[in-house]
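Notes follow the structure.
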Amino acid sequence: MKGIIAHLNKAFENRIRLGIMSVLLVNDEVEFNRMKELLDVSDGNLASHISALEKEEYVLVKKQFVGKKPNTTYKVTKLGKKAFADHLTALENLLKKK
Amino acid sequence: MTEQEKHLQDLKEIRSLMEKSSKFISLSGLSGIITGVVALAGAVLAYSRLQAYWMRSDSGRFNEYSSFIHTAIPERMGWSNLVFELVLIACGVLAISVGVSVYLTVKQAKKNGQSIWDKSSQMLLINMMIPLVSGGVFALILIKQDLFGLVAPVTLIFYGLALINASKYTLHDIRYLGIAQLVLGLMNAASIGYGLFYWGIGFGVFHIIYGTVMYLKYERKS
C-alpha cells in the first residue's frame with residue numbers, strides 16, 4: 001500500500017496546482033489572466049502556486065511586453081508532462097486497488 | 001471526505017478543466033432546431049419561386065430545370081431576376097440563422113459561466129471559417145459562371161468539412177453532423193439538379209435532428 005502512495009507526487013497535492021497542470025496539458029500556452037479566470041483564484045494565490053511548479057521545473061514561465069502591458073504566459077515542460085502523467089496513473093491505481 | 005473521495009474529486013476536476021480550457025462547449029442545440037426550420041422555410045420559398053419561373057418560361061415542364069442546370073444558359077425572361085431572388089433567399093436564411101445562433105450561444109455561455117470570447121471560442125471560429133469561407137467564395141464563383149447545379153453540393157461539402165474541422169474545439173458530436181453533410185454533398189454531386197432537395201435535407205432536416213439531440217443531451221437537464 002505504501003508503495004502506491006509513494007508514487008503520488010507531492011508537488012500536485014494542492015487543487016490549484018492540479019488545475020494549473022490540467023490546463024497546461026491541453027493548451028500550448030496559457031496567459032496569466034486566462035488561467036486566473038479558468039481556476040477562479042486570486043492573483044497572489046495563482047502566482048505562488050505557479051512559482052512552486054516552476055521551481056520543480058514542471059512549468060515554463062515566459063514574461064514579455066505586449067505594447068506597454070506586461071504579459072505572462074505559461075507552458076508545461078517535458079518533465080512536467082511526465083510527472084503529471086505519473087501522478088494521474090498513481091491516482092488511478094490507488095482508486096482501483098481499494 | 002475520505003481519501004478516495006478526494007482523489008475521485010481531483011480526477012473529476014482535472015477532466016472538467018481540461019475540457020473547459022480547450023473546448024468551447026456552449027453551442028446551443030435550440031439554435032440548431034431554429035436554423036433547420038428557417039432553412040426548410042427558405043427551401044420551400046425558393047422552390048415556389050422556381051416553379052413560378054417555370055410557369056413564366058412557358059414550358060412549365062420539370063425536366064426543363066435539369067437542362068439549364070449544367071452549363072451556361074442563354075438569358076431568358078426573368079432569369080437573372082430569379083437568380084437574384086434565390087441568392088436573396090439564401091442570404092436571408094443565412095442572416096437569420098447566424099443571428100439566432102449567436103444570440104442563443106451567448107445566452108448558453110452565460111449560463112455555463114463560460115466566456116463567449118476566449119481562446120477556445122476563437123479557435124473554434126477560426127477553424128470553422130477557413131473551410132466555410134473557401135466554400136462560400138467557391139459557390140459565388142460557380143454562380144458567376146452559371147454552374148448552378150454545383151452550388152448546393154459544394155456548399156454542403158464545404159460546410160461538412162468546416163464542421164469536422166471545428167469539432168476539435170467544441171463538443172465532439174458536431175463531427176457526426178459534419179460527416180453527414182459531407183456525404184450528402186457528395187451524393188448531391190452525383191445527382192446534380194436536385195440541389196434544393198439536398199439543401200433542404202442538409203441544412204433543414206439534419207440541423208433539426210442534430211439540434212434536438214444536442215438539446216436533449218446537454219440543455220434540458222441543466
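In what follows, every chain begins at residue 1, and chains take the letters A, B, ... in the order their sequences are listed. Only this structure's heavy atoms are used, side chains among them; waters, hydrogens and symmetry mates stay out.
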Test item: side-chain donor near acceptor, B:S21 and A:N27, under 3.5 Å: yes
Given a strict heavy-atom distance threshold of 4.5 Å, which part of B:S120 is in contact with chain A: side chain, backbone, both, or neither? both
Would you say the side chain of A:R15 lies within less than 4.5 Å of the side chain of B:Q9, judging by non-hydrogen atoms? yes
Please examine the side chains of A:L88 and B:L11, heavy atoms only from C-beta on, and report whether any two atoms are closer than 4.5 Å. yes
Could you please spell out the steps behind the side-chain contact (heavy atoms from CB on, under 4.5 Å) verdict for A:F12 and B:I14? CA-CA 12 Å; A:F12 302 133; B:I14 289 168; over 6 Å; no
Taking CD in A:E29 as the centre, count heavy atoms belonging to other residues, nucleotides or ligands within less than 6.0 Å. Is the count above 12? yes
Check: B:M18 and A:L25 side chains under 4.5 Å, non-hydrogen atoms: yes
Residues in residues 30-48 of chain A that sit under 4.5 Å from chain B, counting heavy atoms only: A:R34, A:E37, A:L38, A:L39
Between B:E13 and A:L18, is any pair of side-chain heavy atoms under 4.5 Å apart? no
